[in-house]
There are 2 protein chains.
Amino acid sequence: MSISSRFSVGIHIITLIEINKDGVSTSEYLAESVNTNPAFIRKIMGMLKKAGLIKVQPGIAGAELAKDLLDITLLDVYKAVNVVKDNELFSIHDNPNPDCTVGRNIQNTIEPIFFTAQTAMEKVLESMTIKDVVKDIIEKEN
Amino acid sequence: MSISSRFSVGIHIITLIEINKDGVSTSEYLAESVNTNPAFIRKIMGMLKKAGLIKVQPGIAGAELAKDLLDITLLDVYKAVNVVKDNELFSIHDNPNPDCTVGRNIQNTIEPIFFTAQTAMEKVLESMTIKDVVKDIIEKEN
DNA sequence: CAACATGTAACTACAATGATTACATGTAAT
DNA sequence: ATTACATGTAATCATTGTAGTTACATGTTG
């Protein structure tokens, strides 16, 4: 199991739109950098648009950021591309036997632990912004 | 995407072996509590055994814990059942375009962030032991 | 040897992913 | 308005992982 690459592709897209802000970021242009096909990029762009992170319009070439770099966290992107449902990073087997001490309690016991673990992960994503990513890439280029 | 229920089932199995320590925990008995089939339970038991968490022997009915309750963390179980490969909770799209500033740096920029996030999640799992789970279940019964 | 449990392999149905094609919709320039 | 081109979106496909199930080989004990 791995969290879908839509997440890393989403980060790539937003980062490139910023770095290419003086140019026109079409789905074809972005697809070439990501190394996939334009339709897949457009699907993800649709999700980012729906989440209010980027601006795209039918018929008009190119995408722009809809928010300041500092106001787009990696958690925003993660949620936008719908890779993990709320509180469902871990799946819990269903219908354990209610006639068994463990069976009738395991779900309620495990659920808060999984929630805490998932939240800890998401907090890290929330602490990083696209600005951090852009900055790091620019530094790596020098 | 969700992390396989093998993880929660693994926790269930170990917990039940402990709570049923005066009885015999066969794969059939465990399967009934988990509400699945014995072969699936045996597959997971094989993983837990390989990881040194439980003791099982071909031909001999029942399983026992191989370690003290306090020494089995949820991270141990998580790693045992092989639900997420090391450093691969998040997948990163491969072969981004090296001719693009973003393409040639995105992987190296994102990788440590994802590692930090995954580690934060796993630290939570490491802080909880089967003893905590058993204790919570017993408390819930009263 | 009989009864029974574990260890595995094989097969199935199902769902998610990412690639790809195709086409409808929308915009702008001529 | 027609042409050129970009976005939006649906449909299809191959691949992969999951969980369920059956079957049987292997091992132990009475």
Side-chain angles (χ1 to χ4, degrees), chain A residues 1-10 12-13 17 20 23-32 34-51 54-64 66 78 81-85 88-96, chain B residues 1-10 12-13 17 20 23-32 34-51 53-64 66 78 80-85 88-96:
Chain A
M1 187 297 314
S2 258
I3 290 174
S4 167
S5 69
R6 284 198 305 276
F7 183 25
S8 65
V9 172
H12 189 142
I13 289 172
I17 290 173
N20 184 46
V24 180
S25 297
T26 64
S27 62
E28 192 180 340
Y29 171 79
L30 294 167
E32 207 166 288
V34 171
N35 189 29
T36 181
N37 62 84
F40 183 55
I41 293 292
R42 288 199 291 272
K43 188 191 272 180
I44 298 177
M45 280 173 44
M47 294 177 178
L48 297 174
K49 177 185 181 180
K50 195 173 170 186
I54 67 175
K55 285 183 282 188
V56 208
Q57 282 176 285
I60 301 182
E64 293 175 22
Y78 164 94
V81 296
N82 205 24
V83 282
V84 172
K85 288 180 193 160
E88 289 188 24
L89 174 59
F90 300 91
S91 53
I92 301 182
H93 56 293
D94 41 31
N95 304 317
Chain B
M1 185 297 314
S2 258
I3 290 174
S4 166
S5 70
R6 285 200 305 277
F7 183 26
S8 65
V9 171
H12 189 142
I13 289 173
I17 289 173
N20 184 45
V24 179
S25 297
T26 64
S27 63
E28 193 180 340
Y29 171 79
L30 295 167
E32 208 165 286
V34 171
N35 190 27
T36 182
N37 61 86
F40 183 54
I41 294 291
R42 289 200 290 274
K43 187 191 273 184
I44 297 178
M45 280 173 44
M47 295 177 177
L48 297 174
K49 178 186 182 179
K50 195 173 170 188
L53 304 183
I54 68 175
K55 285 184 283 189
V56 209
Q57 283 176 286
I60 301 180
E64 295 174 20
Y78 164 94
V81 297
N82 204 23
V83 282
V84 173
K85 288 182 193 160
E88 289 189 22
L89 173 60
F90 300 91
S91 54
I92 302 183
H93 57 293
D94 40 31
N95 303 318

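Throughout, a chain's letter reflects where its sequence line sits, starting with A, and its residues are numbered from 1.
If you check dG18(C), dT6(C), dA19(D) against the side chain of R6(B), the one that comes closest is dA19(D).
If you check every strand for non-hydrogen atoms under 4.0 Å, K49(A) touches sugar and phosphate atoms only.
Taking atom CE of M45(A) as the reference point, atom P of dG18(C) lies 18 Å away to the nearest angstrom. In this structure, D94(B) places its CG atom 16 Å from P of dT17(C), rounding to the nearest Å. Between I41(A) atom CD1 and dT9(D) atom P there is a gap of 16 Å when expressed in whole angstrom units. Between I3(A) atom CD1 and dG18(C) atom C1' the separation is 17 Å, expressed in whole Å.
The closest donor-acceptor contact from the side chain of R42(B) to the backbone of S27(B) lies at 3.5 Å or more, if one exists at all.
In terms of heavy-atom proximity, M1(A) sits nearest to L89(B) at CE-CD1, 3.7 Å. The minimum heavy-atom distance linking V24(A) with G62(A) is given by the pair CG1-CA, 3.7 Å. The two residues S5(B) and H93(A) make their nearest non-hydrogen contact at CB-N, 3.9 Å.
Residue order along DNA chain D, read from the 5' end via each residue's closest nucleotide, puts E28(A) first among M1(A) and E28(A).
Contact check, S27(B) against dT6(C): a side-chain N or O comes under 4.0 Å of OP1 or OP2. Within the 4.0 Å cut-off from OP1 or OP2 of dG18(C), at least one side-chain nitrogen or oxygen of S4(A) is found.
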Write out a two-atom table: protein N or O, nucleotide N or O from nucleotides 20-30 of chain D, distance below 3.5 Å.
unit_1	atom_1	unit_2	atom_2	d
dG20(D)	OP2	T36(B)	OG1	2.6

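For the ring-ring contact (aromatic ring centres under 6.0 Å, His included) test, residues two or more places apart in sequence or in another chain that qualify with Y78(B) are F7(B).
With a 6.0 Å radius and a threshold of 12 heavy atoms from other residues, nucleotides or ligands, E88(A) has its CD atom above the threshold.
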